[in-house]
Every structure is written in C-alpha cells, then in structure tokens.
Amino acid sequence: MKYLLIILALTFCLAVTAQDKWDLRRCVEYATKNNISVKQADVQARINALQLEQAKLNIWPSASFSSNLGGQFGRSIDPTTNQYTTTQLLSQSYTLSGNMTIYNWGRLKYTIESQKNSLKGAFYDIEKTVNDMSLNVANNYLLALSAREQIHVADVQVNQTMKQLDITRKQYTAGTVPELNVLQLEAKLSTDSSSLISAKVNYDLDILALKALLNVDAAAPFELDTPDADKIPVESFADLQPDVVLQLAMNTQPQQKSDLAKIKSAELAIKANRAALYPTFGAGYSLGTNFANYLRAVDPSSILYQGSSPTGNYVNISGTNYLVQQPNYSYSYMHKSFSQWWTGYGSQLSGNFTQRIAVGITVPIFSNGQGKIAYENSKLNLRNLQLQSQQADYTLKQNIYSAYSNAVASYQKYIAGKKNVESNQIAYDFTIKRYEIGLLGILDLITNQNNLTTAKLNLIANEYDYIFKMKLLEFYKGNGIKL
C-alpha cells in the first residue's frame, strides 16, 4: 500500500509538470482567449452585430405608449369638453402611437445588406488579428527555444573549460606547462561564465516578451515545452513556390476576405445614401383617450334662495308681455373626496376613445447639404477601401516573395552552419589531443574552442530562423502555425 501511494504521488507530480509546460499550440490558444488585440477585435465585431440588428429592426413599425396624470388650476381647457374653465381639474390621458416606412427606394434593404457585409468583415478582422498574434507568438516562442539551446551550448562550454583548467593545473603542478596556461584558462573560464549568464538573461527576456504577448502575469511560473528542432516538420521548397502560395493566400488570408466584404458593404452604403435623397412614404397611427373631473363641487347644504331679478327679456303670452325673472341663489364649493375624484372614470375612457391613421410623404428639399454630402462621402469611402485592398494585395505579394527569399537564404545559412560546426568540431578534437601531449599551446586551444562555440551558437540561431521562415510560408499557404 505504501509503495502504491508513492507511485500515485510520482505519477501525479509528473502529470502536473507535463501540464504546466507550454507548447506552441497552448500558447496560441491562450493568446487567442486573452490577448488584448484579439479582445478589441471581438468587441468591434459585437458593435457591428448590434448595428445589423438595429438595421433589421428599422423595417418594423414603431410603437410608443404615454400616460399623463395631473391637475389643472386657473384658466385652462377641459380636455373632455375642449372648453375653457376656471375650475380645478383632475385629468389623465393615455396615448399609443407609432409610425412605419412604407417605401423609401430600398434604403432600409440596402442598409441591412451593408451591415451584413460589415459584420462579415469584422469577423475576418478577428481572424486576421488571431493570425498576426499567432505569428508573433510563434516567433517569440522559437526565439525562446533558441535562447534555451544557447544556454545549453554555453553551459557545455563552461564545463569543457573547467575540465581543461583542471587538467592544466595538474600539468602545471607536474611542471610540464607554464603558469601562463593556467591563467589564460582561468580568464577563459570567466569569459565563458559571463557568456552563460548572458544567455540565461536573454532567455528570461524572451520569456517575459512571450508572457506579455500572451497577457500572462510576469511573475507567474512559465516553462516551455522543448520540441526537438530536427523533428519539426517543414514542407519542401517545391511545395512553397511563391506564385503558388500567393494564389492560395489571395483566397484564404482573412485580410483579403475582409477587404472584399468591406468593399461590398461600402457599395451598398452608397445605394442606401442615394435612396435617402428621394421622398419617403410612410404611415402613422395613434390610439388615445382621456378622463377629467372637477376637484370641487357645489355644497348642497349651502344653497340659499336670494329672490329673483329681471333679465330684461319678455315673453308674450296671449298677447300680453311678461317680464322674465331670474332666480338668484347663493352657494359655496366643497372639496371632493379622493374616491369622488374618479367618478365616471371608466365611462369617460370608453366614451373619449379616439383612433387615428394617416399616410404621408417626406420630401428632402433642403437639409443643409447633409444628404448630398453623405452620398458623396460614401463614394469616397468606397474608393479609399478599394485603394486599401490594392495596397494589402501588393503587400501580401511582397511579403510572400520576401519570405521565400529569406527562407532560401536561411536554409543555405543553416546548411553552411552545420558544415561549419562539423569542421570546427574535428579541428577542436585534434587540438585537444595535441594540446594534451604538448604539441599545441593554450592560445590555439582557446581559439579553436571559441570557434566551435561560435559555430554552434550560429547554427542554433540559423536553424530556428530557417524553421520560422518556412512556417511563415506555410502560414501564407493557409496551413496555420504549428510545430
């Protein structure tokens, strides 16, 4: 049982260690989710999606509801009788109204189609941002791998120098070599140690740059998964001819797709802005009702008869004129209770219900040139997008042909570097043997050792540079970034 627990613990530790390592695929996936530029492109696409939704909703009739409740004092108009009154009133109204466009020469339709293409272009922009970010991640990832390999070379160099220094010290003690040899190797060891420290610093800086690109905390632990550079698959130059890659890239690269979608959107925007220069036919409707009631009423208990007074008018009855008398009363008002305010509420709302429907035409006669300028501006915007597309196609062609030339040069430098390492390794092996038997001096040993180290460092840099250049061509071909 004890041994089983130990085995499980070791297995868990190995699994965690493997999981914590970052390969290129994990780096790219993490950057896609967390990179600021990718998030900004996603936000812009969401904005375009909302604009498309708004364009679609514009074809539907609008509707709005309003209600007002309040009191009227002083001289005002009774909303139920449309007569002036000085009595205090409680009134309330309800209104449902809206309008819709019947015909506007296709403006709404063109706007919807324009926004659809604009959204399509925004999605391609996200893809382009992800691709650009993936290239940067791959470049920084390979730089970090190269820096790690250089640490290994520098560390081997230090160990070799320490071994030679130990042998030389024994030879000096035996009296077979002068003390100068020991001093020169000690100086060489200091130089090699400094180079090792520099290599480690460069690796740390490359890791920090990669973390920043991934939006990872600089203080977070971060360990790269180190693939064997010799086993990283690359396509042959025959499959990556620039003319073939260019033809494929024109149909697969998101920049070119985005340009085409935006140009189509701009063409439709021109039609929409041109339609805005013509009359628009529309319709409107409204439903409404209201209620009003006096806040005060005559107090019945205060009514007193005060006699009558002549009106100055006469009425003829059987040939005799009689003076018309008018009775006079005195009375006072009383405030209604809250429940009395709403007397007749339902009957008034029903009796005052009104409906309205109308059709109309809006003719743009003069709007300070806004419509005309918007139309001309949309045409200039189309021309600008067309020029941008031409520039993007030209840049893509230049990048592909340059990448191919750089890849060929990197491959030639890599092959030459391998031969240089082989030659310097043979020379160094002979130098070691001859130095150990006293046929060569310490300066010859140090020179050959430095030459071998320089050749190895150059080979590492050339190998990873060649890999990246080939991966760049594969990316333009549409294969993505993968090791």
Side-chain angles (χ1 to χ4, degrees), residues 17-45 123-151 199-235 240 245 249 252-258 392 395-396 399-400 402-404 406-407 410 460-483:
T17 302
Q19 185 179 6
D20 288 340
K21 289 187 177 182
W22 292 73
D23 58 9
L24 179 58
R25 179 178 179 180
R26 182 182 177 187
C27 289
V28 171
E29 290 178 351
Y30 187 89
T32 301
K33 297 178 181 178
N34 298 276
N35 184 265
I36 299 297
S37 297
V38 176
K39 290 182 178 180
Q40 289 176 327
D42 180 68
V43 169
Q44 183 58 50
F123 285 141
Y124 286 134
D125 286 341
I126 294 178
E127 185 180 347
K128 177 183 180 298
T129 304
V130 170
N131 285 350
D132 292 343
M133 177 273 305
S134 300
L135 282 177
N136 290 333
V137 169
N139 186 34
N140 282 270
Y141 184 85
L142 291 174
L143 287 175
L145 292 182
S146 176
R148 173 179 279 186
E149 291 297 320
Q150 291 177 5
I151 291 176
K200 291 181 178 179
V201 170
N202 290 335
Y203 174 73
D204 291 339
L205 292 176
D206 288 336
I207 291 295
L208 285 174
L210 183 57
K211 283 183 175 181
L213 195 59
L214 301 181
N215 200 22
V216 173
D217 185 6
F222 193 88
E223 183 179 358
L224 290 182
D225 182 32
T226 307
D228 189 349
D230 294 332
K231 295 182 180 180
I232 297 177
V234 293
E235 295 190 29
L240 297 173
V245 173
T252 59
Q253 288 300 301
Q255 177 66 64
Q256 277 57 42
K257 293 181 179 179
S258 175
T395 301
L396 178 63
N399 290 341
I400 290 175
S402 297
Y404 182 83
N406 291 333
S410 296
I460 292 172
N462 291 336
E463 182 177 20
Y464 281 101
D465 183 63
Y466 160 65
I467 292 173
F468 178 73
K469 295 297 193 302
M470 296 299 288
K471 291 300 177 182
L472 183 59
L473 282 173
E474 293 177 6
F475 163 78
Y476 284 128
K477 189 179 178 181
N479 296 345
I481 295 292
K482 56 185 178 180
L483 296 182

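One is the number of the first residue; the rest follow in order along the sequence. Being a predicted model, the structure only gives us computed values, none of them experimental.
- Summarising the geometry of L145 relative to D225, their closest heavy-atom pair is CD2-O, 4.0 Å, with the distance given to 0.1 Å.
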> Between T226 and R148, is a side-chain contact (heavy atoms from CB on, under 4.5 Å) present by the stated rule, with each step listed?
Replying inline: CA-CA 9 Å; T226 307; R148 173 179 279 186; 2.2 Å; yes
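- The existence of a salt bridge linking K471 and E474 is confirmed by a sub-4.0 Å separation between a basic side-chain nitrogen and an acidic carboxylate oxygen.
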> Given the rule in the salt bridge (Lys or Arg N to Asp or Glu O under 4.0 Å) test, do D204 and K200 qualify, once you have shown the distances and angles that lead to the verdict?
Replying inline: CA-CA 6 Å; D204 291 339; K200 291 181 178 179; over 6 Å; no
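- Between D125 and A41, the shortest heavy-atom contact is O-CB, 4.5 Å.
- Between D23 and Y141 the shortest heavy-atom distance is CA-OH, 3.4 Å.
- In this structure, V234 and Y466 have side chains that are in contact, with non-hydrogen atoms separated by less than 4.5 Å.
- Taking CG of N479 as the reference point, atom CG of L240 lies at 8.0 Å (rounded to 0.5 Å).
- Of all heavy-atom pairs between L135 and F468, the closest is O-CE1, 3.8 Å.
- Two residues are said to be in side-chain contact when any heavy atoms from C-beta on lie closer than 4.5 Å; E463 and E149 fail this criterion.
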> Taking it one step at a time, do Y464 and L143 satisfy side-chain contact (heavy atoms from CB on, under 4.5 Å)?
Replying inline: CA-CA 7 Å; Y464 281 101; L143 287 175; over 6 Å; no
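- Remark: I400 CD1 to T395 OG1 distance equals 11.0 Å, nearest 0.5 Å.
- The closest donor-acceptor contact from the side chain of N215 to the backbone of A31 lies at 3.5 Å or more, if one exists at all.
- Counting all heavy atoms, side chain and backbone alike, K21 lies closest to L224 at CD-O, 4.4 Å.
- Remark: side-chain polar atoms of N34 are paired, donor with acceptor, to backbone N or O of Y30 under 3.5 angstrom.
- Residues K469 and S410 approach most closely at CG-OG, 3.6 Å, considering heavy atoms.
- Note that CD1 of I460 is 5.5 Å distant from CD of Q150, once rounded to the nearest 0.5 Å.
- Rounding to the nearest 0.5 angstrom, the gap separating the OH atom in Y124 from the CG atom in N131 is 12.5 Å.
- Side-chain N or O atoms of S146 include none that pairs as donor or acceptor with a backbone N or O of L142 at under 3.5 Å.
- Residues N140 and D206 have side chains not in contact (no heavy-atom distance under 4.5 Å, counting atoms from C-beta outward).
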> So V38 and M133, side-chain contact (heavy atoms from CB on, under 4.5 Å) or not? Walk me through it.
Replying inline: CA-CA 8 Å; V38 176; M133 177 273 305; 4.2 Å; yes
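- Salt bridge K257/E127: absent, no basic N to carboxylate O contact under 4.0 Å.
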>> Run L472 and N406 through side-chain contact (heavy atoms from CB on, under 4.5 Å) and show every step you take.
In response: CA-CA 10 Å; L472 183 59; N406 291 333; over 6 Å; no
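- Here the straight-line distance linking atom CD of Q253 with atom CG of N399 works out to 10.0 Å at 0.5 Å rounding.
- The NZ atom of K211 sits 11.5 Å away from the SG atom of C27 when rounded to the nearest 0.5 Å.
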